[in-house]
Colleague: 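One structure, pasted below without further comment.
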Amino acid sequence: MSDQQILHDRIRAVEWSEAGLKLLDQRLLPMLKQWVTLRDVEGVANAIRDMVVRGAPAIGVTAAYGMVLAGRARYVASPRSWKQDIEADLQTLAQSRPTAVNLFWALERMKVFIATLPEGDPGVALLEEATRIHDEDIAANRRMGALGAELIKSDSVVLTHCNTGSLATGGFGTALGVIRAAYGAGKIRHVYADETRPWLQGARLTAWELVEDEIPVTLIADSAAASLMRQGQVKWVIVGSDRIAANGDVANKIGTYSLAVIARHHGVKFMVVAPTTTVDMNLSSGDQIPIEERAEEEVLSLVGQRIAPQGVRAWNPSFDVTPAALVDAIVTERGVVLAPDVAKMRKMMGG
Ligand code: MRU
C-alpha cells in the first residue's frame, strides 16, 4: 500500500503536463470525472472565476502554474520585454476571485521569483517554482493534518463545511486533511458534511472525496447542523479558510459563521485549519476582508434548474467572517493557535 493510500488520500485535481495545466473540472463532480487542459493565462483566470478549480490553496497553486504559461508565452513573444509584459497577466489572474488571499500570495511569490531570473528562457525555472509552491502546499497540509489530529480525542464525531480536501488544495486538504489524518489514526468514528448551498461543495465534493477515500460520511442539509449538535455526538466542527486576519478573524464559505455560533451554544469545539499562505497580517480584522458576491442566479437556481419565481432577487455572498472569539483553534503548518488573538497570531507568524 502506498503512503497516499494509508493516509486515505488518493485524489489530485491540479496537474502539470507538457500539454498545459490540467484541472479536474469540479463543476461536474461527482457525476462526471472530466479534465480540462489550459494553455493560456486567460483560460486559467476563467477556470478560477468559473469554479472549475476552487478552494483557497488550490486557487493559489493554479495561479502559480498560470504564471508558467504566461511566462513562456511572453518570452516567446518578446524575449527582451517579457518581464514587463507579464505584469498584465498578473493582473488578469489577480482579478479572478477576491477573497482567497492564497491567490495574491502565489502571484506575489511568482513576481518576486521572476525579478531574480537571469536573461534567457524562463520556462524551466518558472515551472520549478510553481511546482515548489504545489509541493509545499501538500507538505503544509500533511503537517496540519498531524497537528490538528492531536487535538481530537479518540472515537470522535466531527462536522465539516464546504470542501477543504484534495480538491481544494494542492492535495490532502486542510480541514479535510485533519479529518484524513485523525481518521487514519483511529480518532474519528464518523464525519458529517454540510451540503453547502449554493454550490453544494459539501454534497458534491466532500462527500465524493470521503467516499473515494473510504471514510464514513453522512450528508446533512446546512440547516440540520444545530439539531445534529443538540444530539450531543459532534465534538468538533472543522473548517478551512480563505483568509485569516491578523486578529484571528476567519473568512470562509458562507455558513461557517452560523456554524461557529451554534457550535459555541452547544459546547462544540470549533477548529480552523489553514496554511500560513491563508493568513493576511496586513488586515487588522475580518471587517477588512473583501467578500466575494457571486451571481444571483446561483441562489435562484439549483443544478441549472430555476427554483425561485421570476421577479424575486437573491443575495449571494460567497463567504462570511467568523470572529476570532468563536474560534477555539487555528491550525497552521507552523503550529496551533488556541483562542486566537493578535499577539498569538503574530507570534505564530514569527513577527
Ligand atoms: O467558493 P469556494 O469553493 O472556493 O470556497 C472554498 C472554501 O470556502 C474553503 O473552505 C476554503 O477555500 C478553504 S479550502 C482548503
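Heavy-atom basis, side chains included; hydrogens, waters and symmetry copies ignored. Counting starts at 1 for both ligands and their atoms, following the listed order.
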Colleague: Looking only at the side chains, is there a donor atom on one of N102 and T277 sitting less than 3.5 Å from an acceptor on the other?
Modeller: yes
Colleague: I want to check something: taking the side chain as every heavy atom from C-beta on, are V178 and V158 in contact at a cut-off of under 4.5 Å?
Modeller: no
Colleague: Among side-chain atoms of D9 and S166, is any donor-acceptor pair under 3.5 angstrom?
Modeller: yes
Colleague: For a quick check under 3.5 Å, do E333 and T276 share a side-chain donor-acceptor pair by atom type?
Modeller: yes
Colleague: For ligand 1, list every N/O pair with the protein closer than 3.5 Å, one pair per line with the distance.
Modeller:
unit_1	atom_1	unit_2	atom_2	d
ligand 1	1 (O)	R97	NH1	3.4
ligand 1	1 (O)	R97	NH2	2.9
ligand 1	1 (O)	K253	NZ	2.7
ligand 1	3 (O)	R54	NE	2.8
ligand 1	3 (O)	R54	NH2	3.2
ligand 1	3 (O)	Q201	NE2	2.8
ligand 1	4 (O)	G55	N	2.9
ligand 1	4 (O)	R97	NH1	2.9
ligand 1	8 (O)	D242	OD1	3.0
ligand 1	8 (O)	N252	OD1	3.2
ligand 1	8 (O)	K253	N	3.3
ligand 1	10 (O)	N252	OD1	2.6
ligand 1	12 (O)	A56	N	2.8
ligand 1	12 (O)	D242	OD1	3.0
ligand 1	12 (O)	D242	OD2	3.1

Colleague: In terms of side-chain geometry, is the basic nitrogen of E136 or R109 positioned less than 4.0 Å from the acidic oxygen of its partner?
Modeller: yes
Colleague: Does the plane of the ring in Y75 sit parallel, tilted or perpendicular to the ring in W82? Use 30° and 60° as the thresholds.
Modeller: perpendicular
